[in-house]
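Quick notes on the structure that follows.
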Amino acid sequence: QDKEKLEICKLNDPPSAETVKNMIKYARNVIEEFRRAKHYKYILCFTLTPLVELLEICELSLDKMGAVFEDSNVYMLHMMYQAMGVCLYVQDWEGALCYGQKIIKPYSKHYPSYSLNVASMWLKLGRLYMALKNRTAGVKALKRAIAIMEVAHGKDHPYISEIKKELEDH
């Protein structure tokens, strides 16, 4: 699956091997920079300004990497996931949902059928849809999360009962 995970943009004039190599180097550096910045911001306690800076790091790197990488590329997915996390932290439900919608299809492709990473993303999407009053999409996403979790955890797991109760309460 490495080829799929490192997919580059399909352009009339594809990027050179050197361009791809440089973009991978850039992606690794920006991921490390983000980790350092996030750690530093945690130590200082989050305020709105540092959070905006973290989101800007994500968005700028996504723009730059998007010129070479497909959205399904693991480096793009990593930064989208980080951006989604920042959006969730600042309660930007629409922003978080936008990132989550971009992430779920590649996650479903890259991870095994019953991966808890995929279940977790469906769970987040379901809760976001519910928070944004899109019950139909929310129920569908939560049921997908449950289906995966029932295989991974077993049908009687407390997490599953909790999610089923959420569905009943909405």
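Throughout, residue positions are numbered sequentially from 1 according to the sequence presented. As the structure is a prediction and not an experimental result, all values here were calculated from the model.
For the atom pair Asp71 CG and Tyr99 OH, the distance stands at 10.5 Å (nearest 0.5 Å). If you take NZ on Lys164 and CG on Asp169, they are separated by 14.5 Å, rounding to the nearest 0.5 Å. Expressed to the nearest 0.5 Å, how far CG of Leu125 lies from CG of Asn134 amounts to 11.0 Å. Here the straight-line distance linking atom CG of Leu142 with atom CH2 of Trp122 works out to 10.5 Å at 0.5 Å rounding. Remark: Glu166 CD to Glu162 CD distance equals 6.0 Å, nearest 0.5 Å. Remark: Ile31 CD1 to Ile57 CD1 distance equals 12.0 Å, nearest 0.5 Å.
Across all their heavy atoms, Ala119 and Ala145 have their closest contact at O-CB, 3.5 Å. Cys9 and Gly66 get closest at one heavy-atom pair: SG-O, 3.3 Å. Summarising the geometry of Arg135 relative to Leu167, their closest heavy-atom pair is NH2-O, 4.0 Å, with the distance given to 0.1 Å. Listed here is the closest heavy atom pair of Lys64 and Met23: O-CE, 3.6 Å. What you find for Cys58 and Gln82 is that their closest heavy atoms are SG-CB, 3.9 Å. Nearest heavy-atom pair across His110 and Ser72 is NE2-O, 2.7 Å.
Shown here is Asp156, whose CG atom has no more than 12 heavy atoms of other residues, nucleotides or ligands within 6.0 Å. More than 12 heavy atoms of other residues, nucleotides or ligands sit less than 6.0 Å from atom OH of Tyr26.
Cluster annotation: Ile146 and Leu116 are assigned to the same hydrophobic cluster (Ile/Leu/Val/Met/Phe/Trp/Tyr, side-chain heavy-atom contacts under 4.5 Å, transitive). The hydrophobic clustering, which links ILVMFWY residues whose side-chain heavy atoms are closer than 4.5 Å, places Val151 and Leu123 apart. Both Phe69 and Leu62 belong to a common hydrophobic cluster when Ile, Leu, Val, Met, Phe, Trp and Tyr are linked at side-chain heavy-atom distances under 4.5 angstrom. Under a hydrophobic-cluster definition in which Ile, Leu, Val, Met, Phe, Trp and Tyr are linked whenever side-chain heavy atoms come within less than 4.5 Å, directly or via other members, Met121 and Tyr114 are assigned to the same cluster. Grouping the Ile, Leu, Val, Met, Phe, Trp and Tyr side chains by contacts below 4.5 angstrom, directly or via other members, places Leu132 with Tyr89.
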Exercise for review: Let me see the working for Ile104 and Arg144 under side-chain contact (heavy atoms from CB on, under 4.5 Å), right down to the final yes or no.
Suggested key: CA-CA 11 Å; Ile104 192 62; Arg144 290 186 85 162; over 6 Å; no
**Study point:** Stepwise side-chain contact (heavy atoms from CB on, under 4.5 Å) check, Met84 with Leu88
**Key:** CA-CA 6 Å; Met84 182 182 184; Leu88 287 170; 4.3 Å; yes
Practice item. Using the side-chain contact (heavy atoms from CB on, under 4.5 Å) rule, take Asn22 and Val68 through it: C-alpha gap first, then chi angles, then the decisive distance, then the call. Key: CA-CA 10 Å; Asn22 288 339; Val68 176; over 6 Å; no
Practice item. Quick one: do Met65 and Met79 satisfy side-chain contact (heavy atoms from CB on, under 4.5 Å)? Show the steps, please. Key: CA-CA 10 Å; Met65 291 187 298; Met79 290 312 296; 3.5 Å; yes
Practice item. Please step through salt bridge (Lys or Arg N to Asp or Glu O under 4.0 Å) for the pair Glu33 and Arg28, ending with a clear verdict. Key: CA-CA 9 Å; Glu33 176 188 334; Arg28 288 179 177 163; over 6 Å; no
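Looking only at side-chain heavy atoms (C-beta outward), Val139 and Met130 come within less than 4.5 Å of each other. Using a 4.5 Å cut-off on side-chain heavy atoms (C-beta onward), Leu6 and Tyr75 make contact.
In this structure, Tyr107 and Tyr111 have perpendicular ring planes: the angle between them is above 60°, well past the 30° mark.
No option in Leu97, Asp92, Leu128 other than Asp92 meets the side chain to side chain contact (heavy atoms under 4.5 Å, CB included) test with Cys87.
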